[in-house]
Amino acid sequence: MTDHGPQPVERQLPTEEAKDLLALVRDLVQREIAPRAAAEEEAGHFPRDLFRLLSSSGLLGLPYPEEFGGGGQPYEVYLQVLEELAAARLTVGLGVSVHSLACHGLAGYGGKEQKAEHLPAMLGGGLLGAYCLSEPQSGSDAASLRTRAVRDGDDWVLTGTKAWITHGGIADFYTVLARTGGEGAHGITAFLVPGDAPGLTPAAPERKMGMKGSPTAQLHFDGVRVPDARRIGEEGQGFPIALSALDSGRLGIAACAVGVAQAALDEALAFVAERRQFGRPLADFQGLRFLLADMATQIEAGRSLYLAAARLRDQGLPFSRQAAMAKLFCTDAAMRVTTDAVQLMGGYGYTADFPAERYMREAKVLQIVEGTNQIQRMVIARHLAGPESR
């Protein structure tokens with residue numbers, strides 16, 4: 001047979017501008033991101049310089065309005081950029097998704113003056129953001145969060161601990177959800193907190209299975225004062241803001257998952273195209289051919305699912321159920337595809353000399369972040385059958 005290795009993903013993009021944008025991203029990936037990925041992940045190095053480059057290239061604010069320094073791109077395009085970045089290095093792709101999540105509250109619910117003051121620097125000024133919802137005792141049950149904000153004149157004073165914060169300790173700003181009222185979802189308010197605010201202290205980064213180049217840390221708020229001018233939305237509106245951000249963020253995770261899966265498939269294809277066993281190319285063995293076919297089918301299905309949800313969002317239509325489905329399917333598929341890539345490559349797949357084992361370790365976290373896949377199933381079921389009886 002003729003050797004046939006990995007090929008670039010064929011994308012259906014809505015405009016010539018979008019095609020040029022994807023070409024720019026692929027060039028940046030090949031020159032700046034992919035060559036450094038393996039060594040820097042092994043060393044646990046966060047590539048802050050790459051995020052400054054992404055910002056100066058207009059890639060950190062793609063789905064936000066141009067009037068505030070964003071790229072004015074539809075989500076359909078933004079997510080495909082994320083997929084390309086994540087395929088090269090998940091620390092970068094997921095980092096862009098988290099930054100976008102951190103900008104969502106202000107962009108969607110902030111006042112005109114707030115947006116004019118803060119968004120240009122957040123979207124294109126070299127800043128990096130983080131999103132603070134989870135706490136040590138409230139992960140999936142986000143409405144039970146305990147970090148409290150108490151009004152003191154024109155300020156709010158924040159006290160508590162946030163957990164599992166991507167970019168924790170290195171971000172320039174944090175979108176923080178804190179309790180300003182009674183128990184439950186209605187007593188929560190959102191704030192934009194500077195990364196260098198007095199009283200804000202990061203813990204040591206978590207020691208993780210994968211994504212070692214992306215710092216994840218607890219953040220301690222010890223009387224952090226935030227002006228009321230940095231409150232996002234109305235008092236008590238924080239939980240709807242958080243849920244809205246997560247709907248969009250789940251699409252980002254889905255796109256990142258497809259990127260990691262695509263990278264694993266490409267690695268497996270390159271391996272079988274070069275290696276021979278029993279006097280024949282590996283790619284001639286039907287068992288491996290069927291495995292590759294299943295991997296490719298899951299990737300295509302996942303890509304179609306997240307793009308369908310993105311197009312609903314771009315049209316201003318409800319997309320929460322579809323976002324949960326995309327996050328669920330794409331991240332489960334990424335786990336299967338990366339595991340199959342390791343299996344297909346045998347002992348080579350299990351060594352750090354090849355990236356397949358890194359892809360498998362990284363895929364696991366995507367089933368957990370921004371709502372575990374069990375939570376996604378709950379969200380989908382509620383859309384189908386209504387809320388659970390109490």
Side-chain angles (χ1 to χ4, degrees), residues 25 28-29 32-64 70-71 73 75 78-104 107 121-134 162 164-175 195 202 205-206 208-217 219 245-246 248-260 263 327 331 334 358-359 361-366 368-370:
V25 171
L28 189 149
V29 159
E32 304 289 346
I33 300 177
R36 300 166 45 179
E40 290 190 353
E41 284 300 319
E42 185 175 0
H45 174 75
F46 180 73
R48 185 59 195 264
D49 63 311
L50 289 181
F51 282 88
R52 294 190 185 97
L53 176 60
L54 291 171
S55 181
S56 65
S57 301
L59 298 176
L60 279 192
L62 284 177
Y64 293 111
Q73 291 295 317
Y75 240 66
Y78 159 67
L79 292 178
Q80 294 187 77
V81 170
L82 274 191
E83 184 191 328
E84 294 278 347
L85 294 173
R89 185 176 179 185
L90 185 58
T91 285
V92 176
L94 186 66
V96 173
S97 181
V98 167
H99 176 83
S100 182
L101 183 70
C103 296
H104 180 94
M122 292 164 63
L123 298 179
L127 301 186
L128 185 66
Y131 182 76
C132 301
L133 177 61
S134 295
K162 292 295 180 178
W164 311 113
I165 307 304
T166 302
H167 303 157
I170 64 168
D172 299 298
F173 65 91
Y174 299 94
T175 295
E206 306 288 353
K208 299 176 298 185
M209 176 191 298
M211 289 197 69
K212 296 181 180 179
S214 176
T216 304
L219 293 175
L246 287 174
S248 296
R250 285 165 182 164
L251 292 182
I253 299 301
C256 286
V258 171
V260 172
K327 197 274 184 182
T331 58
R358 172 164 61 88
Y359 299 147
R361 289 186 288 106
E362 290 176 342
K364 184 64 221 177
V365 76
L366 299 175
I368 299 171
V369 296
E370 298 200 24

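These figures come from a predicted structure and were not determined experimentally.
For the pair Glu206/Trp164, a side-chain contact is recorded, criterion being any heavy-atom separation below 4.5 Å from C-beta on. Side-chain contact check for Val369 versus Val98: every heavy-atom pair is 4.5 Å or farther apart.
Considering every non-hydrogen atom in both Gly249 and Ser97, the closest pair reads O-OG, 4.1 Å. For Ala102 against Ala130, the heavy-atom pair with the smallest separation is CB-O, 3.3 Å. Here the closest heavy-atom approach between residue Leu101 and residue Ala245 is recorded as CD1-O, 3.1 Å.
For Tyr359, there are no ring pair (Phe, Tyr, Trp, His ring centres under 6.0 Å) partners, not counting sequence neighbours. In terms of the side chain to side chain donor-acceptor pair (under 3.5 Å) criterion, residue partners of Ser248 (sequence neighbours excluded) are, by chain and number, Arg313. Scored by the side chain to side chain donor-acceptor pair (under 3.5 Å) test, Thr331 finds Asn373 as partners (sequence neighbours excluded). Residues passing the salt bridge (Lys or Arg N to Asp or Glu O under 4.0 Å) test with Glu362 are Arg358, sequence neighbours excluded. Take Ser56 and apply the side-chain contact (heavy atoms from CB on, under 4.5 Å) test, not counting sequence neighbours, and it matches Leu53. Residues satisfying the side chain to side chain donor-acceptor pair (under 3.5 Å) test with Lys364, not counting sequence neighbours, are Gln367. Scanning for salt bridge (Lys or Arg N to Asp or Glu O under 4.0 Å) contacts around Glu32 gives an empty result, with sequence neighbours left out. Scanning for ring pair (Phe, Tyr, Trp, His ring centres under 6.0 Å) contacts around Tyr131 gives an empty result, with sequence neighbours left out. Tyr64 meets the ring pair (Phe, Tyr, Trp, His ring centres under 6.0 Å) test with no other residue; sequence neighbours excluded. Judged as a salt bridge (Lys or Arg N to Asp or Glu O under 4.0 Å), and not counting sequence neighbours, the contacts of Arg48 are Asp172. Looking at residues two or more places apart in sequence or on another chain, you find no ring pair (Phe, Tyr, Trp, His ring centres under 6.0 Å) involving His104.
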Verdict with supporting geometry, Leu54 and Leu28, side chain to side chain contact (heavy atoms under 4.5 Å, CB included): CA-CA 9 Å; Leu54 291 171; Leu28 189 149; 4.0 Å; yes
Intermediate values then yes/no, side chain to side chain contact (heavy atoms under 4.5 Å, CB included), Phe51 and Val96: CA-CA 8 Å; Phe51 282 88; Val96 173; 4.1 Å; yes
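Counting only distance, with no hydrogens or angles, the side chain of Lys208 and the backbone of Gly213 share no donor-acceptor pair below 3.5 Å. His99 places a side-chain N or O within donor-acceptor distance of the main-chain N or O of Met122, the cut-off being under 3.5 Å. Checking side-chain atoms of Lys162 against main-chain N and O of Leu133 turns up a donor-acceptor pair under 3.5 Å. A donor-acceptor contact shorter than 3.5 Å is absent between the side chain of Arg52 and the backbone of Gly126.
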Atom pairs and distances, donor-acceptor, side-chain atoms in residues 85-94, under 3.5 Å, two or more places apart:
| from | atom 1 | to | atom 2 | distance (Å) |
| --- | --- | --- | --- | --- |
| Arg89 | NE | Glu41 | OE2 | 2.7 |
| Arg89 | NH1 | Glu40 | OE1 | 2.7 |
| Arg89 | NH2 | Glu41 | OE2 | 3.0 |
| Arg89 | NH2 | His45 | O | 2.9 |
| Thr91 | OG1 | Glu41 | OE2 | 2.6 |

